[in-house]
There are 2 protein chains.
Amino acid sequence: MYNLIRSLKALSDETRLRILNLLLERECCVCEVMQALNVSQTRASRNLGILYDAGFLKLRKDGLWSLYSIDRDGMAEYLPYLVDAVKKALKENRLVVQDRERLMKAERVGPGRVRQLRR
Amino acid sequence: MYNLIRSLKALSDETRLRILNLLLERECCVCEVMQALNVSQTRASRNLGILYDAGFLKLRKDGLWSLYSIDRDGMAEYLPYLVDAVKKALKENRLVVQDRERLMKAERVGPGRVRQLRR
DNA sequence: AAACTATAGGCATATATGCGCATATATAGT
DNA sequence: ACTATATATGCGCATATATGCCTATAGTTT
């Protein structure tokens, strides 16, 4: 029950739903998420962390990068229901479509590229 | 999307999950809910209101009583997923089992009975 | 009408949440 | 070792949330 509440809380936030939607597309590093959602690094990192703590995400380190992806196996039995709900609610959402477009252009870049996006 | 967030928030609370679980059983008035959950009248009423505002509940007035029940029709397309998730998470939960037992004994009573239960 | 009751709403308060800023940490390259 | 970069985190502020107390409202009973 408390797991469910924690999961629901983790999903009750626009930023986090948008992140989840990106990751349903593919694995992303923090800087890709911040580019795609056009949010600050703090915000991207924090909310990825919250989704991770709630058990939704897997984390893989690769050099400098933290690569987050949906943890399909780690999900408790009821979480698939939640993900279905999220998918249904997000499909066709204007904001989310923009996110995906920006994700196409986003790169896991070298020096100097990401910093410039920090507002 | 914002509807989903509102729904998730409405469900991210132990009291409200327990209430929802009662109402999955049958229609209840506020005083039955407070008896079954053993919580204050304010708390029962407020949280029923929150679930109502989120679109989960139907309200029917009968004299003094406000009778709340699950609004199966009024639910948006993704809400059934949420309800399934809730059902799965709550089944076998100790607290929730107690709630149901108290609900059996709870009555929509006349004068003097309910007041005594207010802590 | 008077007394009583179920429910809701205002107010005050405690707690939780989201976020930015600044900074710390970890890794890589020179 | 030094510099640059990606990510994480401590702190503080603003805001949201939950809840209890008290009171108002509307319906019931006598």
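Naming convention: chains lettered A, B, ... in sequence-line order (proteins, then strands); numbering from 1 in each chain. The shown structure was predicted, so the numbers you read here are calculated from the model rather than taken from an experiment.
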Next on the checklist: Applying salt bridge (Lys or Arg N to Asp or Glu O under 4.0 Å), can you list everything that pairs with B/Glu101, at least two apart in sequence or on another chain?
Outcome noted: none
Item to check | Phosphate OP1/OP2 of D/dA8: any A/Ser66 side-chain N/O under 4.0 Å | outcome: yes
Checklist entry - Rounded to whole angstrom units, what separation is found between the CG atom of A/Asp13 and the P atom of C/dC19? => result 6 Å
Checklist entry - Out of A/Ile50, A/Val39, A/Leu37, A/Leu24, which residue meets the side-chain contact (heavy atoms from CB on, under 4.5 Å) rule with A/Ile19? => result A/Leu37
Checklist entry - Roughly, in whole Å, what's the span from CD1 in B/Ile50 to C1' in D/dA16? => result 11 Å
Item to check | Any residue meeting side chain to side chain donor-acceptor pair (under 3.5 Å) with B/Glu14, in chain and number order, not counting sequence neighbours | outcome: A/Tyr2
Next on the checklist: Measure CG/B/Asn38 against P/D/dG20 and give the value in whole Å, please.
Outcome noted: 12 Å
Checklist entry - Think B/Ser40 has a side-chain N or O under 4.0 angstrom from the OP1 or OP2 of D/dG20? => result yes
Checklist entry - Just checking, any donor-acceptor pair under 3.5 angstrom between side chains of B/Lys9 and A/Ser12? => result no
Next on the checklist: Quick check against the 3.5 Å criterion: does B/Ser45 have a side-chain atom that pairs as donor or acceptor with the backbone of B/Gln41?
Outcome noted: no
Item to check | Nearest-neighbour nucleotide for the B/Val30 side chain, D/dA8, D/dT19, C/dA8 considered | outcome: C/dA8
Item to check | Backbone of A/Val96 reached by a side-chain donor or acceptor of A/Asn93 within 3.5 Å | outcome: yes
Next on the checklist: Determine whether B/Leu57 and B/Asp71 satisfy the following criterion, side-chain contact (heavy atoms from CB on, under 4.5 Å), listing intermediate values before the conclusion.
Outcome noted: CA-CA 5 Å; B/Leu57 306 186; B/Asp71 183 0; 5.5 Å; no
Pairs: protein N or O with nucleotides 9-11 of chain C N or O, under 3.5 Å:
{"from": "C/dG10", "atom 1": "N7", "to": "B/Arg46", "atom 2": "NH2", "distance (Å)": "3.2"}
{"from": "C/dG10", "atom 1": "O6", "to": "B/Arg46", "atom 2": "NH2", "distance (Å)": "2.8"}

Checklist entry - In degrees rounded to 10°, what angle is found between the helical axes fit to the five outermost pairs at each end of the helix from C/dA1-D/dT30 to C/dT30-D/dA1? => result 30°
Below 3.5 Å is the cut-off: list the nitrogen or oxygen pairs between protein and nucleotides 25-29 of chain C, distance only.
none

Item to check | Rounded interatomic separation in angstrom, taking CD1 from A/Ile19 and P from C/dG18 | outcome: 11 Å
Checklist entry - Once you round it to whole Å, what is the distance between P of C/dT17 and CZ of A/Arg6? => result 12 Å
Item to check | Side-chain donor-acceptor contact under 3.5 Å, B/Arg60 with B/Ser69 | outcome: no
Checklist entry - Hey, does the side chain of A/Arg18 reach the backbone of A/Asp99 with a donor-acceptor pair shorter than 3.5 angstrom? => result no
Next on the checklist: Within the structure provided, determine whether A/Leu17 and A/Asp13 are in side-chain contact (heavy-atom separation under 4.5 Å).
Outcome noted: no
Next on the checklist: Regarding B/Arg26 and B/Glu32, does a basic nitrogen lie under 4.0 Å from an acidic carboxylate oxygen?
Outcome noted: yes
Next on the checklist: Side chain of A/Arg16 only, heavy atoms from C-beta on: which candidate in C/dT7, D/dT7, C/dG18 is closest?
Outcome noted: C/dG18
Checklist entry - Rounded to whole angstroms, how far apart are NZ on B/Lys9 and C1' on C/dA16? => result 11 Å
Checklist entry - If only side-chain N and O atoms of B/Tyr68 are considered, is one of them under 4.0 Å from the OP1 or OP2 phosphate oxygen of C/dA6? => result no
Checklist entry - Is B/Asn47 near enough to D/dT17 that one of its side-chain N or O atoms lies under 4.0 angstrom from OP1 or OP2? => result no
Checklist entry - Across the strands shown, which category fits B/Tyr52 at heavy-atom distances under 4.0 angstrom: base, sugar-phosphate, nothing? => result nothing
Checklist outcome for this item: A/Leu67 CG to D/dA6 P, in whole Å, measures 13 Å
Item to check | Selection residues 46-58 of chain B - residue pairs positive for side chain to side chain donor-acceptor pair (under 3.5 Å), sequence neighbours left out | outcome: B/Arg16-B/Asn47
Checklist entry - To the nearest angstrom, how far is A/Asp53 atom CG from C/dG18 atom C1'? => result 15 Å
